[in-house]
Amino acid sequence: MENYNEDEITQQLQDPTTQRKAFEEVVKQYSQQLYWQIRRMVLSHEDANDILQNTFIKAWSNLEYFRGEAKLSTWLYRIALNECLNFLNKQRAQNQLSLDDVDTTLLGKLESDPYFDGDEIQKEFQKALLQLPEKQRIIFNLKYFKEMKYENISEILGTSVGALKASYHHAVKKIAAFFEETD
């Protein structure tokens, strides 16, 4: 959106007379980015759509708590990330699954998802990502797919830049090792 100005939108979000229109702009601006970030975590189109809706509902419900100290995008990513983690934890608890079983379930959803149009290499890449511990997968997704700066990821996750760099480095090594094993 060429005329989206985060500072103006943040001010409009604080004013009850312009709040609804400003939030519509926020939804337009961030829906696609958030959808893909969520989708990379839960893999299923249907689940990603549900979580995206929940993210915006939670953001709207808690708008009074957003004061603009952090960027709006950082706040939204943090909400989306928490929604993803809650979803994955709920799935684990409902199905009494271990982490490995949840990853297998996620991969099964991906393979049966009619909206997934990836080839075999993309499926293998998703399998490699599912081998990562949850936190490394989150960091890898934000850095690799979103090309987010470590400083921004640090704000979202509340982790030091050094720890993020180390986690990303380990994630890359594990993904490379996965592909070396499957060759």
Trainee: Among all residues two or more places apart in sequence or in another chain, which pass the side chain to side chain contact (heavy atoms under 4.5 Å, CB included) test with Ala59?
Mentor: Phe23, Trp75, Leu76, Ile79
Trainee: Verify side-chain hydrogen bond (donor to acceptor under 3.5 Å, both in side chains) between Lys146 and Gln37, making sure each step is shown before the conclusion.
Mentor: CA-CA 8 Å; Lys146 196 64 190 105; Gln37 192 57 45; over 6 Å; no
Trainee: Heavy-atom count around Gln32 CD within 6.0 Å, excluding the residue itself: above 12?
Mentor: no
Trainee: Can you name the nearest heavy-atom pair linking Tyr30 to Glu6, along with the distance?
Mentor: OH-OE1, 2.8 Å
Trainee: Given side chain to side chain contact (heavy atoms under 4.5 Å, CB included), test Val26 with Tyr4 step by step and report yes or no.
Mentor: CA-CA 9 Å; Val26 168; Tyr4 180 85; 4.1 Å; yes
Trainee: Honestly curious: do Phe56 and Leu85 fall in one hydrophobic cluster under the side-chain, below-4.5 Å linking rule?
Mentor: yes
Trainee: Between Lys174 and Gln136, does the side-chain hydrogen bond (donor to acceptor under 3.5 Å, both in side chains) criterion hold? Intermediate values first, please.
Mentor: CA-CA 10 Å; Lys174 288 176 183 175; Gln136 280 182 5; 3.1 Å; yes
Trainee: Quick one: do Phe140 and Ile175 satisfy side chain to side chain contact (heavy atoms under 4.5 Å, CB included)? Show the steps, please.
Mentor: CA-CA 10 Å; Phe140 184 86; Ile175 291 168; 3.6 Å; yes
Trainee: At what distance, to the nearest 0.5 angstrom, does CD of Glu25 lie from CG of Leu72?
Mentor: 12.0 Å
Trainee: Could you give me the CA-CA distance, side-chain angles and deciding distance for Val42 and Asp50, then say whether side chain to side chain contact (heavy atoms under 4.5 Å, CB included) is met?
Mentor: CA-CA 11 Å; Val42 301; Asp50 291 346; over 6 Å; no
Trainee: Using every non-hydrogen atom in the two residues, find where Phe178 and Gln131 come nearest and quote the distance to one decimal.
Mentor: CD1-CG, 3.8 Å
Trainee: Just verifying a value: how many Å separate Ser31 OG and Trp36 CH2, rounded to the nearest 0.5 Å?
Mentor: 13.5 Å
Trainee: Please identify each residue that fulfils side chain to side chain contact (heavy atoms under 4.5 Å, CB included) with Asn86, with sequence neighbours left out.
Mentor: Glu83
Trainee: Within the 4.5 Å heavy-atom criterion, are Phe87 and Met41 side-chain neighbours or not?
Mentor: no
Trainee: Look up atom NZ in Lys58 and atom CG in Asn82, then write down how far apart they are to the nearest 0.5 Å.
Mentor: 7.5 Å
Trainee: Atom CG of Asn152 and atom CD of Glu147: how far apart are they, to the nearest 0.5 Å?
Mentor: 13.0 Å
Trainee: Is the distance between the ring centroids of His45 and Tyr35 under 6.0 Å?
Mentor: yes
Trainee: Within 45° of the ring axis of Tyr150 and under 6.0 Å from its six-membered ring centre, is that where the NZ or CZ of Lys143 lies?
Mentor: yes
Trainee: Side-chain contact, heavy-atom cut-off 4.5 Å: Thr159 with Ser154?
Mentor: no
Trainee: Are any non-hydrogen side-chain atoms of Ile138 and Ile156 less than 4.5 angstrom apart?
Mentor: no
Trainee: How close do Trp60 and Arg20 get, counting heavy atoms only, and between which atoms?
Mentor: CH2-CA, 3.9 Å
Trainee: With clusters defined by side-chain heavy atoms of hydrophobic residues (ILVMFWY) lying less than 4.5 Å apart, directly or transitively, does Leu52 cluster with Ile57?
Mentor: no
Trainee: Is it true that Ile139 and Val161 fall in one hydrophobic cluster, defined by side-chain heavy atoms closer than 4.5 Å?
Mentor: yes
Trainee: Give the intermediate values and the outcome of side chain to side chain contact (heavy atoms under 4.5 Å, CB included) for residues Phe145 and Arg39.
Mentor: CA-CA 12 Å; Phe145 291 110; Arg39 175 87 185 259; over 6 Å; no
Trainee: Do Tyr168 and Ile153 have side-chain heavy atoms sitting under 4.5 Å apart?
Mentor: no
Trainee: Any chance you could measure Leu142, atom CG, to Arg40, atom CZ, to the nearest 0.5 Å?
Mentor: 9.0 Å
Trainee: Look at atom OH of Tyr144 and say whether more than 12 heavy atoms of other residues, nucleotides or ligands are closer to it than 6.0 Å.
Mentor: no
Trainee: Between Ala80 and Ile51, what is the shortest heavy-atom contact and its length?
Mentor: O-CG2, 4.4 Å
Trainee: Rounded to the nearest 0.5 Å, how far apart are CD1 of Ile38 and OG1 of Thr55?
Mentor: 4.0 Å
Trainee: Between Thr74 (side chain) and Ala70 (backbone), is there a donor-acceptor pair under 3.5 Å?
Mentor: no
Trainee: What closest approach, in Å, do Asn5 and Asp7 show between heavy atoms, and which atom pair accounts for it?
Mentor: OD1-N, 2.9 Å
Trainee: Search all heavy atoms of Leu13 against all heavy atoms of Ala22 and return the closest pair with its distance.
Mentor: CD2-CB, 3.8 Å
